[in-house]
There are 2 protein chains.
Amino acid sequence: MFALLKPGEKRPLASLDRSLIAGLSVFEGIAAADLDRIVGQARSIRIAKDQPVFEQEQEAHSFFLLLDGHVRVVKSTPDGHEVTVRYISPGELMGIASALGLTTYPANAIAAVDCVALAWPSRLWPAFAASFPSFSSNIYKTVGSRLQDAHARVIEMSTEQVEQRVAHALLKLIKQSGRKTEEGILIDFPISRQDVAEMTGTTLHTVSRLLSAWEDQELVKSGRQRIVVVEPHRLLVIAEGRATKS
Amino acid sequence: MFALLKPGEKRPLASLDRSLIAGLSVFEGIAAADLDRIVGQARSIRIAKDQPVFEQEQEAHSFFLLLDGHVRVVKSTPDGHEVTVRYISPGELMGIASALGLTTYPANAIAAVDCVALAWPSRLWPAFAASFPSFSSNIYKTVGSRLQDAHARVIEMSTEQVEQRVAHALLKLIKQSGRKTEEGILIDFPISRQDVAEMTGTTLHTVSRLLSAWEDQELVKSGRQRIVVVEPHRLLVIAEGRATKS
DNA sequence: GATGGAATTTGCCTCAGCGCAAACAAGACG
DNA sequence: CGTCTTGTTTGCGCTGAGGCAAATTCCATC
């Protein structure tokens with residue numbers, strides 16, 4: 001199920017760097033000893049690019065903490081549509097269905113690049129919640145902010161035009177996973193027009209047209225599965241709907 | 001802040017009917033003694049029609065359990081749009097910001113009719129979570145299902161046409177708050193075209209046109225702030241997009 | 001029962017964005 | 001180095017649904 005990374009990768013597997021992990025917001029306020037007890041029960045896994053971390057409807061056997069890479073969480077509808085729920089960045093949790101009383105995963109999670117994650121068996125959750133209150137409280141904060149995000153998304157879909165939504169999506173992506181380059185801020189994983197369309201409720205054609213237009217205005221530079229935001233500020237103007245339609 | 005009901009209302013205030021409350025899913029699996037300890041710390045409040053239960057951005061001083069009535073939860077955007085997040089029915093929680101680590105309410109809650117609710121001070125939450133694990137677990141189940149709902153909503157907005165979304169909204173409403181009458185299933189509180197528009201991300205004009213068309217087909221009967229679904233099954237056909245556009 | 005305000009209906013016009021289709025470019029792979 | 005797959009671009013036409021505006025109906029209230 002979990003394919004291996006290409007050989008030559010230099011990421012930690014057996015010997016996890018606890019000091020790095022301890023800095024993550026999920027573990028905020030947790031004593032070192034407790035942290036060890038929590039992390040000690042996880043196994044470390046690798047997921048190759050384009051492989052699933054977990055799948056919709058599948059029994060939720062584990063929950064995960066992404067250490068390295070990027071994961072796309074997608075919901076598939078019965079009639080064949082795909083809607084991207086969110087992208088997971090390093091340090092974020094995923095597959096926390098069990099904390100919400102679900103027994104199956106509500107979405108598919110696909111590695112956008114080769115990934116490393118910690119995995120805990122879901123059955124440990126009740127014990128964790130009881131023994132490490134700050135851990136569970138941190139996790140519920142995550143859930144809370146995802147609920148907020150989802151509502152914000154509903155509001156965007158209800159009140160904004162496609163152009164604004166796509167602009168917002170790019171801004172979110174560079175905020176979450178942007179890497180400065182000399183050209184501008186690069187979205188640090190392969191992302192296609194189709195992917196952006198699935199995030200914003202539109203079509204790859206419309207996204208392509210928008211990116212082309214923005215490219216002409218030197219707002220972004222983009223290529224195959226690659227988007228660089230050159231002028232975040234002007235993009236924000238569009239996102240907020242204060243753009244001067246010239 | 002909390003206006004009174006009209007005189008002559010016969011609802012319980014001081015003497016709460018515990019046996020009724022005990023049946024609610026929020027309290028599932030909780031010992032009678034614990035239930036008493038939880039409910040004992042709540043105060044019972046009344047909210048008059050059109051009055052706020054709590055308001056967006058306000059400090060989240062309390063969380064609530066609706067006992068009677070219907071509450072509309074609405075988010076306002078900076079640019080004046082209003083998006084209805086959900087309707088709360090009797091037995092449901094609202095204002096549970098504190099359980100998610102928020103200090104302010106993320107939305108406005110307005111009584112759609114005169115309401116009765118229990119209110120707990122938010123500061124009790126950590127103690128409740130620690131002392132009554134099934135209570136907190138039930139609450140997080142609620143949160144989980146709301147997260148699911150929100151995602152479902154995003155998917156609807158991304159993949160369905162307005163007609164389907166409005167049909168879905170009516171079906172959800174009759175499921176949640178439908179009352180059988182000889183005409184059909186009545187949505188049991190005043191709801192305007194505008195309200196439906198705010199639930200579905202469209203305009204009152206479009207909702208009005210749709211309801212008129214459905215009225216002609218004898219699918220629904222509607223009037224001023226009043227909607228009766230006559231043929232839920234045919235409405236479901238529309239909602240699923242299997243309608244024969246005649 | 002007259003008045004005023006709120007909710008609803010409807011016609012007409014416009015356009016953002018989708019669907020379709022075809023061409024094109026860039027890697028991947030042998 | 002040619003070939004093939006996958007992602008991208010772009011033109012064209014169409015239409016679902018919103019915007020605007022005016023008329024109408026229903027209630028609440030005095």
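Naming convention: chains lettered A, B, ... in sequence-line order (proteins, then strands); numbering from 1 in each chain. Computed from heavy atoms alone, side chains included, the values below leave out hydrogens, waters and symmetry copies.
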Participant: How long is the line joining CD of B/Glu215 and P of C/dA7, in whole Å?
Facilitator: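 About 19 Å, once rounded to whole Å.
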Participant: Could you work out which one of C/dT8, D/dG18, C/dA6 sits closest to the side chain of B/Arg224?
Facilitator: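 Nucleotide nearest to B/Arg224's side chain: C/dA6.
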Participant: Nearest whole angstrom, please: distance from the C1' of C/dA25 to the CG of A/Leu211.
Facilitator: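 A/Leu211 atom CG is separated from C/dA25 atom C1' by 16 Å.
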Participant: Before accepting this row, confirm whether a basic side-chain N of the pair B/Arg86/B/Asp149 lies closer than 4.0 Å to the acidic partner's carboxylate O.
Facilitator: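 Yes, this pair counts.
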Participant: May I ask you to test the B/Arg209-B/Glu163 pair for a side-chain heavy-atom distance under 4.5 Å?
Facilitator: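 No, their side chains stay 4.5 Å or more apart.
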Participant: Say you draw a straight line from CG of B/Asn108 to CD of B/Gln58; how long is it, rounded to the nearest 0.5 Å?
Facilitator: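 Between B/Asn108 CG and B/Gln58 CD, I get 8.5 Å after rounding to 0.5 Å.
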Participant: Return the value, rounded to whole Å, for the distance between atom CG of A/Leu204 and atom C1' of C/dG17.
Facilitator: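 In whole Å, C/dG17 C1' lies 13 Å from A/Leu204 CG.
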Participant: C/dA6 P sits how many Å from B/Asp195 CG, rounded?
Facilitator: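 Going from CG in B/Asp195 over to P in C/dA6 covers 15 Å.
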Participant: Specify the separation, in whole Å, of atom CH2 of B/Trp214 and atom C1' of C/dT9.
Facilitator: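 One finds 16 Å between C1' of C/dT9 and CH2 of B/Trp214, rounded.
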Participant: Any salt bridge between A/Asp114 and A/Lys49, counting N to O under 4.0 Å?
Facilitator: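 Salt bridge between A/Asp114 and A/Lys49, a charged N being under 4.0 Å from a carboxylate O: no.
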Participant: For the pair made of NE2 in B/His81 and C1' in D/dG19, what is the distance, rounded to whole Å?
Facilitator: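 Computing the B/His81:NE2 to D/dG19:C1' distance gives 12 Å.
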Participant: May I have the distance from B/Arg209 (atom CZ) to C/dC12 (atom P), rounded to whole angstrom?
Facilitator: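 In whole Å, C/dC12 P lies 12 Å from B/Arg209 CZ.
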Participant: Restricting to non-hydrogen atoms, name the atom on A/Met199 and the atom on A/Tyr87 that form the minimum distance, rounded to 0.1 Å.
Facilitator: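 Reported closest heavy-atom pair: SD-CE1, 3.7 Å.
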Participant: Closest approach to the side chain of A/Thr206, judged atom by atom: which nucleotide of C/dC18, D/dG7, C/dA7 is it?
Facilitator: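 Out of C/dC18, D/dG7, C/dA7, the nucleotide with an atom closest to A/Thr206's side chain is C/dC18.
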Participant: Figure out the CZ/P separation between B/Arg226 and C/dT8, and round it to whole Å.
Facilitator: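 Rounded to whole Å, this separation is 12 Å.
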Participant: For A/Arg193, which contact category applies under a 4.0 Å heavy-atom criterion: base, sugar-phosphate, or nothing?
Facilitator: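 It contacts sugar-phosphate atoms only.
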Participant: Is B/Ser192 touching bases, backbone alone, or none of the nucleic acid, heavy atoms closer than 4.0 Å?
Facilitator: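 Sugar-phosphate only.
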Participant: Which is true for A/Thr203 with a 4.0 Å heavy-atom rule: it touches a base, it touches only sugar-phosphate, or it touches nothing?
Facilitator: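 Touches sugar-phosphate only.
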Participant: Closer to the 5' end of DNA chain C via nearest nucleotide, is it A/His205 or B/Ser222?
Facilitator: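 The answer here is B/Ser222.
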